[in-house]
Amino acid sequence: MLARTEAWAAINSGTRNLPGLKAMAAALADAFSALPGALALLPADPVDTVNADGSVQSLDHGDHLQLVVRPEAPVQLLFTGHMDTVFGIDHPFQHGRWQADGTLNAPGAADMKGGLSLLLAALESIERSPPAARLGYTVVINSDEETGSLSSRRLIAEAARGKVAALTYEPALPDGTLAGARGGTGNFSLVVRGRSAHAGRNPEDGRNAIVAAAALALHLSEAGRPGLAVNPARIDGGGPNNVVPDLAILRVNFRPGDASAIARAHAALDDAIAAVTAAHGVTIQLHGSFNRPPKPIDAGADRLFALVRQAGADLGIPVAWKTTGGVCDGNNIAACGVPVVDTMGVRGGAIHSGDEFLIPESLAERAALSALTILRLVERGHP
């Protein structure tokens, strides 16, 4: 597992690095072909992005890996992970190194190439056991989780259909704590179009898109309250100092705690757009969506967490969980009505930074936890 993790971490697979993702997908396909079933690399769904000039462009993504094993078996499970990292081809963090405390500092080692490696080891062990005959499963490893899974969410939703439970291999905290309930997220671009004019001769004839975008940001920030965080993150646009700018794009992120917060966010967007349009004489186009719904701990998820905790206790591994503000594909799986534990990967930390680290002994520990959890699910037929 460790050798695999080190080899995979040496492949730069930042979400926008398509050649690197192709190499990573090939390495994963080769490794996961050790399992039975039908393995395929599937093309990404189309995704649009709003450029800094206000134009809308189709964005390319890498292929997604899907493995389907025994779809006719009585107990069907879903396992998901991602092959992409946040470290682009030009990022300074490209190579792994061993640290004095025995941890591995390498890009994607914890998030989540170590998790993919231990998932494979757990499934290989299951395939060598008699209960495997009763187990069917789908593995989905996408190439765009770090940018919201926009090109893979349909694939994940289809794979979740008919599954009794799901396990996702995001990293646990260094002490082994798992993520429980999660908030959601939504990313939006608001394209503001005004009217240019000479900043000295006739500024009154202009409609300043930068000022309007700033007003939008203030309106939206005032909608933030407990249960709904609002982050106006960036304004693109503008031009020479002597020209009233006629274009600006506001980028804003929402973090809703529950479904009612999503409704409040939509209302805030509608109100802000109407108010700023009327006050500033501009037009505003809205692009984006809530791509990760909030993930509460419902009765099914509570039973699955209890099963994982008991499996951990039987292995001498303490298992606890806590609410987190982060999001992942577990949000999307839970929205399909499938109980999910989404931090079954390695223990590690400082993810999304050059200090990212993996605790190597957690590979065997967490592979055992996965294997026993899967066997218990097969035995019960449900969480």
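These values consider heavy atoms only, across backbone and side chains, with no hydrogens, waters or symmetry-generated copies. No experiment lies behind these values; they were computed from the predicted model shown. In what follows, residues are counted from 1 in the order of the sequence shown.
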Under 3.5 Å, side chain of [X] to main-chain N/O of [Y], donor-acceptor pair present?
X      : Y      : result
His64  : Ser151 : yes
His280 : Val282 : no
Asn17  : Asn12  : yes
Asp298 : Gly300 : yes
Ser221 : Ala217 : yes
Asp258 : Ala261 : yes
Asn242 : Ala199 : no

#### Entry: Check ion pair Arg16-Asp60 (N to O, under 4.0 angstrom)
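Judged by the 4.0 Å cut-off on N to carboxylate O distance, Arg16 and Asp60 do not form a salt bridge.
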### Task
Using the side chain to side chain contact (heavy atoms under 4.5 Å, CB included) rule, take Lys163 and Thr138 through it: C-alpha gap first, then chi angles, then the decisive distance, then the call.
CA-CA 9 Å; Lys163 303 300 191 293; Thr138 298; 3.5 Å; yes
Do [X] and [Y] have side chains that approach each other closer than 4.5 Å (heavy atoms only, starting at C-beta)?
X      : Y      : result
Leu363 : Val346 : yes
Leu104 : Gln99  : no
Ser58  : Val47  : no
Leu250 : Val192 : no
Glu356 : Phe87  : yes
Ile284 : Leu216 : yes
Asn187 : Arg251 : no
Leu123 : Tyr137 : yes

Which donor-acceptor pairs under 3.5 Å do the side chains of residues 375-383 make with protein atoms, sequence neighbours left out?
residue, atom, partner, partner atom, Å
Arg376, NH1, Asp314, OD2, 3.1
Arg376, NH2, Asp314, OD2, 2.9

Rounded to the nearest 0.5 Å, what separation is found between the [atom1] atom of [X] and the [atom2] atom of [Y]?
X      : Y      : atom1 : atom2 : value
Arg292 : Asn331 : CZ    : CG    : 6.5 Å
Asn332 : Ser149 : CG    : OG    : 6.0 Å
Cys328 : Ile333 : SG    : CD1   : 7.5 Å
Leu150 : Asp48  : CG    : CG    : 10.0 Å
Glu361 : Leu2   : CD    : CG    : 10.5 Å
Lys113 : Ile11  : NZ    : CD1   : 6.0 Å

### Nearest heavy atoms of Pro360 and Thr103, plus distance in Å
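Closest pair (atom of Pro360, atom of Thr103, distance): CD-CA, 4.1 Å.
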### Query
How close do Ala371 and Ile126 get, heavy atom to heavy atom, and via which atoms?
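Taking every non-hydrogen atom into account, O-CD1, 3.5 Å.
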### Message
Glu158 vs Arg154, test: salt bridge (Lys or Arg N to Asp or Glu O under 4.0 Å). Steps then yes/no.
### Response
CA-CA 6 Å; Glu158 290 176 355; Arg154 178 189 59 82; 3.0 Å; yes
Show which side-chain atoms of residues 33-44 pair as donor or acceptor with protein atoms under 3.5 Å away, not counting sequence neighbours.
residue, atom, partner, partner atom, Å
Ser33, OG, Ala29, O, 3.4
Ser33, OG, Asp30, O, 2.6

### Message
We want to know whether Arg347 and Ser362 form a side-chain donor-acceptor pair, criterion being a heavy-atom distance below 3.5 angstrom.
### Response
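The answer is no; no qualifying pair exists.
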### Query
Regarding Ser143 and Asp63, is there a side-chain donor-to-acceptor distance under 3.5 Å anywhere?
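Absent: no donor and acceptor within the cut-off.
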### Task
Look at the rings of Phe290 and Phe254 and say which category their plane angle falls in: under 30° parallel, 30 to 60° tilted, over 60° perpendicular.
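Ring orientation, 0 to 90° scale: tilted.
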Please list every donor-acceptor pair under 3.5 Å in which a side-chain atom of residues 76-84 meets a protein atom from a residue at least two apart or in another chain.
residue, atom, partner, partner atom, Å
Gln76, NE2, Arg70, O, 2.9
Gln76, NE2, Pro71, O, 3.3
Gln76, NE2, Ala73, O, 3.0
Thr80, OG1, Thr168, OG1, 2.6
His82, ND1, Asp84, O, 2.8
His82, ND1, Asp84, OD1, 3.2
His82, NE2, Asp111, OD1, 3.1
His82, NE2, Glu145, OE1, 3.4
His82, NE2, Glu170, OE2, 3.3
Asp84, OD1, Glu145, N, 3.3
Asp84, OD2, Thr15, OG1, 2.8
Asp84, OD2, Glu145, N, 3.2
Asp84, OD2, Glu146, N, 3.0

### Task
Please assess Arg153 against Asp45 for the test salt bridge (Lys or Arg N to Asp or Glu O under 4.0 Å), listing each intermediate value before the final yes or no.
CA-CA 9 Å; Arg153 59 184 174 183; Asp45 283 350; over 6 Å; no
### Query
Does NE2 belonging to His95 count more than 12 external heavy atoms closer than 6.0 Å?
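Counting neighbours around NE2 of His95, 12 or fewer heavy atoms of other residues, nucleotides or ligands fall under 6.0 Å, so no.
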